[in-house]
Protein chains: 2
Amino acid sequence: MEDNTARFEKLLVKNGLKRTAPRLQVLEILSGRDSATSQPYLEQVMGKDADRVTLYRVLQAFEEKGIIHKVLDQQGTANYAICSDGCSAHEHHDEHVHFNCDNCHKIYCLDTVKIPALKVPAGFKVNHLNLIATGLCASCADKVN
Amino acid sequence: MEDNTARFEKLLVKNGLKRTAPRLQVLEILSGRDSATSQPYLEQVMGKDADRVTLYRVLQAFEEKGIIHKVLDQQGTANYAICSDGCSAHEHHDEHVHFNCDNCHKIYCLDTVKIPALKVPAGFKVNHLNLIATGLCASCADKVN
DNA sequence: CATTTTAATGCAATTATGTTGCAAATATAA
DNA sequence: TTATATTTGCAACATAATTGCATTAAAATG
Ligand SMILES: [Mn+2]
Ligand SMILES: [Mn+2]
Ligand SMILES: [Zn+2]
Ligand SMILES: [Zn+2]
């Protein structure tokens, strides 16, 4: 693996965001994980490296620019994951299924699983679909056996 | 329409819950609405009729007994709706789609719209599916035209 | 009906999550 | 190097939710 930092710096510049320590740290943490990351976890890991408020603002800016997307877990807690493909400030393309493990509480982006189209009652205009599956992730299902 | 109160009292007894004023009031409010009801709204309507903590405990008890189900809206706020059919303390059967209007923020239980089955990656065990559609409800879509 | 038992409520305190305004700091453009 | 525009940190506030404990009230008992 080569230098992430250079890549992240480009990403920030491309989006008109200044290259600051808290922002690079958030990108570093998120990219090093295999599942979506909760705000509380980020806050804990970053400790006093950055103020709570700064973290919220970094996350908000990244979301607006299409760098990360937010997923609410079944408790309503905000979790964040780096957007996989062509998300931008103008629109997100993260209509994949999210899997919330009942055991380890991780949230996985199932990028390969698309949300099936839906018939809704007459008059309703669907804009976005948000599907969260709960159950046991592969790793936790293993351990149970 | 005949006397709701009698019906609610039976419901409470059936579930081993005492017939108390806050519980009856919550059932009264929820049943009189066409969409799911947020905790903040309930709190506001009930005012000083019941303590905040009591409201939380009433909602929790009802959810556990399968009397109501919780839906988190796109902001992560808890909303509650009376369960339509055979939900019980042992399991809920509310796998219908929920519709969250971007304009009026109401949450509709689309009881007739089932969530389509899903293929997930090997190893994952799906337990529940939770699909929230956002957009414009029939009433709001009308007004826009 | 009176009494006992058990469940539910109210209150106070605490924790978690998220927001806003503003002054100070700092990254970048000039 | 200086100017500027953005970003940060801090303090204060807002809202959602939980816990422990004493008090109250519902239902069961006799
Ligand atoms: Mn995702
Ligand atoms: Mn519902
Ligand atoms: Zn797991
Ligand atoms: Zn609407």
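Per chain, numbering begins at 1; letters A, B, ... match sequence-line order.
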- For B:E43 and D:dT18, what is the distance between atoms CD and P respectively, to the nearest whole Å? 13 Å
- So what does A:R19 hit on the nucleic acid, given a heavy-atom distance under 4.0 Å: a base, only sugar-phosphate, or nothing? sugar-phosphate
- Query: What's the closest nucleotide to the A:K18 side chain, out of D:dT18, C:dT17, D:dA5?
  - Reply: D:dA5
- To the nearest angstrom, the CG-P distance between B:L12 and D:dA27 comes to 9 Å
- Message: Please give me the minimum heavy-atom distance between B:G123 and A:A141, naming the atom from each residue.
- Response: O-CB, 3.6 Å
- Figure out the CG/P separation between A:L24 and D:dT7, and round it to whole Å. 13 Å
- Message: Using a heavy-atom cut-off of 4.0 Å across all strands, would you classify B:A50 as base, sugar-phosphate, or nothing?
- Response: sugar-phosphate
- Query: Can you tell me how far P of D:dT15 sits from CD of B:Q75, to the nearest Å?
  - Reply: 15 Å
- Between C:dC11, C:dT9, D:dT8, which one does the side chain of B:D51 approach most closely? C:dC11
- Do any side-chain nitrogens or oxygens of B:R23 fall under 4.0 Å of OP1 or OP2 in C:dA8? yes
- Of B:T77 and B:A21, the one whose nearest nucleotide on DNA chain D sits closer to the 5' end is B:T77
- Are B:Q25 and B:D49 close enough that a side-chain donor and a side-chain acceptor fall under 3.5 Å? yes
- Query: Roughly, in whole Å, what's the span from CZ in A:R52 to C1' in C:dT17?
  - Reply: 6 Å
- Task: Output the single nucleotide from D:dA27, C:dG10, D:dT7 whose closest atom is nearest the side chain of A:L17.
- Result: D:dT7
- Query: Does B:T20 put a side-chain nitrogen or oxygen below 4.0 Å from OP1 or OP2 of C:dA7?
  - Reply: no
- Message: Rounded to whole Å, how long is the line connecting atom CG of B:L42 with atom C1' of D:dT15?
- Response: 16 Å
- Task: Would you classify A:Q39 as touching base, sugar-phosphate or nothing, given that sugar-phosphate means primed atoms plus P, OP1 and OP2, and contacts are heavy atoms under 4.0 Å?
- Result: sugar-phosphate
- Can you tell me the distance, in whole Å, between the CG atom of B:D73 and the C1' atom of D:dA16? 13 Å
- Task: Would you verify whether the NZ or CZ of A:R33 falls within 45 degrees of the ring axis of A:Y41 while also being under 6.0 Å from that six-membered ring's centre?
- Result: yes
- Query: Under 4.0 Å: is that the gap between some side-chain N or O of B:R57 and OP1 or OP2 of C:dT9?
  - Reply: no
- salt_bridge(B:R52, B:E43) N-O dist < 4.0 Å: yes
- Could you tell me the separation between the CG atom of A:L59 and the P atom of C:dG18, rounded to a whole number of Å? 10 Å
- Identify the heavy atoms of A:N103 and A:C140 that sit nearest to each other, and give their distance. OD1-SG, 3.2 Å
- Query: Between C:dT28, D:dA17, C:dT19, which one does the side chain of A:V53 approach most closely?
  - Reply: C:dT19
